[in-house]
Amino acid sequence: MHRAGERADYPITAFSAANGLGMSTAAVLEALRSGRSGLTRCRLDIPFETACGALPDDLPPPPASLRAYDTRLCRMALHTLDEILGAVQDAVRRRGAARVAIAVGTSTGGIRESEFAYDEWARLGRLPASFDFDHQHTFHALLEVLRAATGADGPACVISTACSSSGKVFGTAQRLLGAGLADAVLVGGVDTLCQTTLRGFGSLQALSRAPCRPFSATRDGISIGEGAAFALLEREGDGPVRLLGVGESDDAYHMSAPHPEGLGARLAMEEALAQAGLPGSAVDHVNAHGTGTPANDVVEARAIGGVMGEAVPVASTKGYTGHLLGAAGATEAVFGVLSILHGFVPASLGADPLDPLVTISVSRTALSRRIRTVMSNSFGFGGSNVCLLLGAA
Amino acid sequence: MKPLHVGGIGLWTPGFASAAAWRTGAPDPAVVAARPDIFPPALRRRATPLAAMVASAAAEAAAQAGADLGRLSLVFGSALGEQSALSMLEEYRHDEGMPSPTRFHNSVHNGPAAYVSIATGNRRFSTTIAAGWETPGVALLEAAALLVQRGGEVLLVLADQPPLPPFQFQDPFPPLAVAFHLSEAPRTATPLAALRIPRRTEGHRPRVPAPFANHTVAGALALATAVWNGSEGEVALGPAGARGWAVDVLPGAPP
C-alpha cells in the first residue's frame, strides 16, 4: 500500500490515441461522443468469424534511420506519438534527456512480423531478409524507437502484464517521479492485431462473432482491437487533468479467469482511491474493463458497486475499439481524460438489454455532465489488475 | 535515497538447482528442469520452464531472508519472456490451427509472476518488466522506486531463456533465473549486503562466466556473485556501452 502522506498525483500535460475509431485523438473523441463503433468484420486470415477494431488508414513507414525497426507496432507507435511529439521533445529540452523516462505497455510487441517470418522460414528454410528479431520482435525494440523519436534518454522499460500493461505504466511513472528518478515520463501502450491474440482468444472460446456487448444479457465474448495511446506525465507543470492515484493488485486465483468475487479488482480500486484520499462516492464516472465475457462483467460490476456504489455512471468502451489488450489501459486513460475535458460519459455500446445481474448504472446512452474524477479499470491474464484515478486539475 | 538491503538470493540454471548449489561450482547433470516446491500439482503440470525456474529462485531468496513469499511485492524482469509465444507460431500455418488454451495463457510475459502469485495466494503488487539487456538495471530501479513508494519488502526476480529456433541468437546462453529479496530496512541482523540505487553509466559487460556473457540478465548473476564474495563498490549490470547500468554494493549492513 502507498505510504500515507506521500505525493501521488501528477499532471498529464499531453496525450494522444489512435485506434479503430480513428487515426487521431480528435477523430477518436468524435466517435466516442457520437456513439459510433469502430468494430468491423475481421480481415485477418483466421478460421472463424469475429469482429475487430483495426486502424482505418494505412500507416506510413518509419524514417530511414528506423527502417530496421519497421513493424506495424513501430508504425502505429510513431503515428500516434506524432501528435504529442512536440510536447515530449519540449520536456526533453526543459528537463534534460536523462530526466525524461519512458514506460510503455504491450502484450505481443512485434510478434505480428514474427508470424510472417516464421511462415517464410517454414516454407523456404530461411527467415526473410528484412526480418530482424532483435529490432522487430522484441519489446526493447519499441523502446529504441521511442527513444530515437523523442530524444528521451532516461530509464526506459516495457511493462508487459497482458491486458493491464499500459495501465500499469502509469504506476511505474508515478514511482519514478515520486522517487525523484525522473522529471517527466512518456507513458503509453501499443498492440496490433495478430494471429497470436486472435487465434489464442479463439482457442479460449472467448471471442464474440459480432461486435462485443459489454454488460449486456446477450453478451457472448470479446472483440479484439489494435491501437496506441500515449500520455506525458510531469513532476511539475500544468495539465487540465491529473493522475490522482494508481491501484495495482493480483487476483492470485487463475491464469485466465477473474476472481469470482472480484477481490483483486476491489483491492486495486480501493488503493487508487486511498492514494488520492478520496472516497468511492467522489468518482463521477468509471471506464470499466468491461470485456463482454460472461465471466468478467458481472464480477467487475459487483466490485465497482462495492467500492463506488451503484449510482456512478459506468461505461465500457470495448464496444467502440475492441479490447486493445496491452494498449487498453493507456487508451482508456485517454478516454477518461477526454470525459473530464469535454464533460461526457460515452454510451456503453451494446449494453442493451442489460444483464439483470448487473445492478450498477451502466450508461446505455451518452451523458453530458461535469466530470471531475474518472476511475479506469484494466484487468489482465494472470489476475493482474490496475485501476487509474484521474481528476480535473 | 536510502540503500536497499539484500536479505536473500536464489538462483536456478541447468546443472544448479539453487544458489547454494551454484556456489559449490559442481554442476549436477540431473538438474535439467526446475521443480519448485511452491507449486501445487495442478500448477506444476501447467507451468512453463520459465515459470518454474522463476518460482524456484524466488522461493529460495525469500526463504533465505526468512520472508513469506505470499506477502512480498514481486518485480519480475525478463527481456524475452516466455518461449510459448514463439512455440505457437507453427499452429498459425495451418488453416484450422489453434494454440492450446493453456499454451496461450502461458504465453503472456507476466505468466511466471502470475504463477508465483497464484501458488502463494499473494494479491499484493506484482509487475513484469522488459528492457533488453538493460533489464537488470531497470528492474532493480523499479524495485527501488517501489520500496520508496510503499516501503516493506520486494522480491526481484530476473530470468530469461534463449529464443526458440529459428530465432535463436548466434551467441546463445543457458536459461537463468536469479532472485533477490530486497527491503527498505534490514530484515535480519546480518543482511547479505546493501545496494545503492542503480544508475546509468558508461557500462561494462557484467563479470560472469563465459556461457552467460551475452545473457540478457547477466547483470543479475554478476550482482549475486559480488554479494556472495563480499565485494564492495560498483558492479556492472550491463549492457556494455552508453546505455549501461551499474549498482554500488556495500557489504553487510551499512552504517
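Note on naming: letters A, B, ... go to the chains in the order of the sequence lines (proteins, then strands), and numbering restarts at 1 for each one.
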Identify which of [options] forms the greatest number of heavy-atom pairs closer than 4.5 Å to chain A.
| options | value |
| --- | --- |
| B:Arg123, B:Arg200, B:His109 | B:Arg123 |
| B:Tyr115, B:Phe167, B:Phe76, B:Phe169 | B:Phe167 |
| B:Gly81, B:Ala114, B:Ser117 | B:Ser117 |

Working to the nearest 0.5 angstrom, can you tell me the gap between [X] [atom1] and [Y] [atom2]?
| X | Y | atom1 | atom2 | result |
| --- | --- | --- | --- | --- |
| B:Glu96 | A:Phe48 | CD | CZ | 10.0 Å |
| B:Asn110 | A:Lys168 | CG | NZ | 8.5 Å |
| B:Leu146 | A:Glu248 | CG | CD | 8.0 Å |
| B:Asp95 | A:Asp45 | CG | CG | 6.5 Å |
| B:Ser107 | A:Phe381 | OG | CZ | 7.5 Å |
| B:Tyr92 | A:Ile111 | OH | CD1 | 6.0 Å |

Inset, instruction - Can you spot which of A:Phe131, A:Tyr118, A:Phe133 makes a side-chain contact (heavy atoms from CB on, under 4.5 Å) with B:Pro166? - result: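 Exactly one candidate clears the test, A:Tyr118.
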Legend entry - Contact residues of residues 155-163 of chain A (partner chain B; heavy-atom separation under 4.5 angstrom):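 Interface residues of residues 155-163 of chain A: A:Pro155, A:Ala156, A:Cys157, A:Val158, A:Ile159, A:Ser160, A:Thr161, A:Ala162.
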Legend entry - Toward chain B: residues of residues 101-108 of chain A with heavy atoms under 4.5 Å: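 Counting heavy atoms that sit under 4.5 Å from chain B, no residue of residues 101-108 of chain A is involved.
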Legend entry - Any donor-acceptor pair under 3.5 Å from A:Arg199 side chain to B:Gly97 backbone: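 Side chain of A:Arg199 to backbone of B:Gly97, a donor-acceptor pair under 3.5 Å: yes, one is there.
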Inset, instruction - Would you mind checking if B:Glu142 and A:Arg175 are paired as a salt bridge, meaning a charged N to carboxylate O distance below 4.0 Å? - result: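 Salt bridge flag = yes for B:Glu142 with A:Arg175.
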Legend entry - Pair A:Glu271 + B:Arg150, salt bridge at N-O below 4.0 Å: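 Counted as a salt bridge, because a side-chain N and a carboxylate O are separated by less than 4.0 Å.
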Which answer fits [X], side chain, backbone, both or neither, if we ask what part of it has an atom under 4.5 Å from a heavy atom of chain B?
| X | result |
| --- | --- |
| A:Asp251 | backbone |
| A:Gln205 | neither |
| A:Arg123 | both |
| A:Asp134 | side chain |

Heavy-atom pairs under 4.5 Å with chain B are the metric here; pick the option from [options] that has the most.
| options | answer |
| --- | --- |
| A:Thr172, A:Val386, A:Leu142, A:Ile46 | A:Thr172 |
| A:Thr138, A:Leu198, A:Asp153 | A:Asp153 |
| A:Leu143, A:Thr196, A:Leu204 | A:Thr196 |

Under a 4.5 Å heavy-atom cut-off, does chain A meet the side chain of [X], its backbone, both or neither?
| X | answer |
| --- | --- |
| B:Leu74 | neither |
| B:Leu80 | side chain |
| B:Ser100 | backbone |

For [X] and [Y], work out which heavy atoms get closest and say how close.
| X | Y | answer |
| --- | --- | --- |
| B:Pro101 | A:Ser203 | CG-O, 3.5 Å |
| B:Ala130 | A:Phe139 | CB-CD1, 3.7 Å |
| B:Met98 | A:Pro47 | SD-CG, 4.1 Å |
| B:His105 | A:Ser256 | ND1-OG, 3.6 Å |

Legend entry - Candidate pair A:His140 and B:Thr135, rule side chain to side chain contact (heavy atoms under 4.5 Å, CB included), full reasoning: CA-CA 9 Å; A:His140 53 268; B:Thr135 299; over 6 Å; no
Inset, instruction - Establish, from distance only, whether the side-chain atoms of A:Gln174 and B:Gln149 form a donor-acceptor pair under 3.5 Å. - result: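 Their side chains do contain a donor-acceptor pair, which is all the 3.5 Å distance test asks for.
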Inset, instruction - Flag the pair B:Ile118 / A:Tyr253 as yes when at least one side-chain heavy-atom distance between them is below 4.5 Å, and no otherwise. - result: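 No; the side chains remain at least 4.5 Å from each other.
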